[in-house]
Amino acid sequence: MKAMRQNDRWRWLTAGAVAVCLLAFTLLIGLLGWQGVRAFWPQPVDQYLFQPPEGAALMVLGETLQKQPQGEQWRYVVKTGNRDFAAPDFRVLYSQGAAKTRRPADAIVLQRRSGGNAYGWLIELREDNEVLTARDRDGLLHQRLVQVHETLRQASHIRRVKMARLNAQLESLQQQADEQQRRGTFTLQEQSEFDANSVALQRSFSMLAQQLTHLQHESQRDTLVLRDVQGQDHIIPLAQVVDAWYPNAMSLGQKIRHFFSQIWQFVSDSPISGGGESGAFPAIFGTVLMVLLMSVIVMPLGVIAAVWLHEYAGRNALTRLVRIAVVNLAGVPSIVYGVFGLGFFVWLIGGTLDQLFFSRSLPNPTFGTPGLLWAALTLALLTLPVVIVATEEGLSRIPDNLRQGSLALGATQAETLWRVVLPLAVPAMLTGLILAVARAAGETAPLMLVGVVKMAPELPVDAVFPYLHLDRKFMHLGFQIYDLAFQSPNIDADRPLVYATALLLVVIILSLNLLAMALRHRLRERYRLMTH
């Protein structure tokens, strides 16, 4: 009875610990979701008439963030936007008594590519400074926005794909000519072919440049006139407008559609391609690509090391020393791995590769600078102990009679390892992969030294051979959270994006882990009967 009572206490204790963990995780997701997702809901726009304790009356238009009485005064925190011509876009205002307020149905919110939101009233639309008239001015506005966005998309495609390919061909042609000159085989015929190909490529490049100039001019033709709360008119090109809406006149269905549209825009947009300044697609792409490359690197190394330790090394002083080193590596701070990656991978290996294979590009480095490859290798080294320990534990749980039975039937040790042992250890390997992905995806400190940047000019993958460019720098969700939270010049405007980006990072890690867990469960069920 006493033992049963003690077991009951332990069961209650473990159940309580699990409940606390689940509650903490639920509260974390709830906080990130509430603080981040609400930034995409269209908030009402209020027009205030303040009577400050001192000074003249003040008219303000914007989103109300806080409203609370303080004695005889009222304190308001209002997001007024219009950062470029009425900074700052967050104001703390005091009023003698409650301020007079109303919600004009015709107040418009403009989401811009830079400068934050703009609030005011739409006065007119213009094309080449000629006023456009229409019965449905809001419909005309959105129609023109769609046309401008399509023009910008075409211009971006020309610049990022077609012109990039021609640049790559010109560089390849020049490198071939330089190599032939170095070998002394650059004959008159080779010179003639080089000149003809070069002229053809330059002619194509000039045609694309003319198309790009025309599209850029087309995108700047349409403008709108926005009148602010002070009665001043401002001309805003439609090329700078991402979206426009009337929050005080929207129905519930329109708000829901706008909500999901804003979330999709946040996930799929890119500041690189001229999208909104809050687009997270390059950071999502960089995070997932880096984790996949890290997994491809760390899994073979970790599995081979674990197999050697458990199946071949035996029990001796060297094995004990290696295991102690693996455990100690798991406790090294991540920033130390970043310093090691910078010194060993970037400066030593990358610098050596530049001297051997990219000497023509020097002193501009190719691999001797932080990039995607070095970031993946650094994180692979950081997560290697996790994979080794998890795989070795999985190997130790495989019954020895399976190995002995395989050897008794005539199989060699290598065949036994490949056909019997490793398939049964796959679930343990995937457990190590899950732990490695969970740690690597959230690391930020080492990446700041070996490849991550605030704004990458190009994605690591594009339409130019070899398509995957391991030498390029990349963006990462963890670093984007750090930059928005601590390096932003306008933290009040970016605070909701910090929560939204953090929620996005958690969702990506959960998705990768769930995918690995589903695969692990399937393989575990397949090989379950072999262990009994």
No-hydrogen, no-angle side-chain donor-acceptor test under 3.5 Å, Glu311 and Gln413:
no

Evaluate the ring planes of Phe285 and Phe281, with Trp represented by its six-membered ring, and classify them as parallel (under 30°), tilted (30 to 60°) or perpendicular (over 60°).
tilted

Scan side-chain atoms only and decide if Glu171 and Gln175 contain a donor-acceptor pair under the 3.5 Å cut-off.
no

Arg112 with Asp243: basic N within carboxylate O range, under 4.0 Å
no

Looking only at non-hydrogen atoms, find the nearest pair between Val450 and Gly341 and report the distance.
CG1-C, 3.8 Å

Distance from Gln43 atom CD to Asn117 atom CG, nearest 0.5 Å?
11.0 Å

Roughly how far, to the nearest 0.5 Å, is the OG1 atom of Thr366 from the CG atom of Leu353?
9.5 Å

Rounded to the nearest 0.5 Å, what's the gap from NE2 on His476 to CG on Leu372? Could you check?
11.0 Å

For Leu430 and Leu433, what are the C-alpha separation, side-chain angles and deciding distance, and is it a side-chain contact (heavy atoms from CB on, under 4.5 Å)?
CA-CA 5 Å; Leu430 292 178; Leu433 176 62; 4.1 Å; yes

Report the distance from atom CG of Leu422 to atom CG of Leu417, rounding to the nearest 0.5 Å.
4.0 Å

Sort out for me which residue in Lys473, Arg160, Arg159 forms a salt bridge (charged side-chain N to carboxylate O under 4.0 Å, His left out) with Glu458.
Arg160

Could you state the interatomic distance from CG (Leu373) to CE (Met290), rounded to the nearest 0.5 Å?
12.5 Å

Could you report the tightest heavy-atom contact between Ala39 and Pro496, atom names first, then the distance?
CB-CB, 3.3 Å

Give a yes or no on this: more than 12 heavy atoms of other residues, nucleotides or ligands lie within 6.0 Å of atom CH2 of Trp41.
yes

Quick one: do Arg165 and Asp462 satisfy salt bridge (Lys or Arg N to Asp or Glu O under 4.0 Å)? Show the steps, please.
CA-CA 10 Å; Arg165 286 176 177 172; Asp462 59 17; over 6 Å; no

Does any pair with a residue in residues 365-382 pass salt bridge (charged side-chain N to carboxylate O under 4.0 Å, His left out), and if so which ones, sequence neighbours excluded?
none

Could you pull out all residues at least two apart from Ala305 that satisfy side-chain contact (heavy atoms from CB on, under 4.5 Å)?
Ile388

How close do Ala502 and Leu32 get, counting heavy atoms only, and between which atoms?
CB-CD2, 3.9 Å

Would you say Gln262 and Gln265 are linked by a side-chain donor-acceptor pair, where the criterion is simply a distance under 3.5 Å?
yes

Give every residue pair that meets the ring pair (Phe, Tyr, Trp, His ring centres under 6.0 Å) criterion with at least one member in residues 366-416, sequence neighbours excluded.
Phe358-Phe367

Closest approach of Ser334 to Leu382 (non-hydrogen atoms, all atoms of both residues)
CB-CD1, 3.6 Å

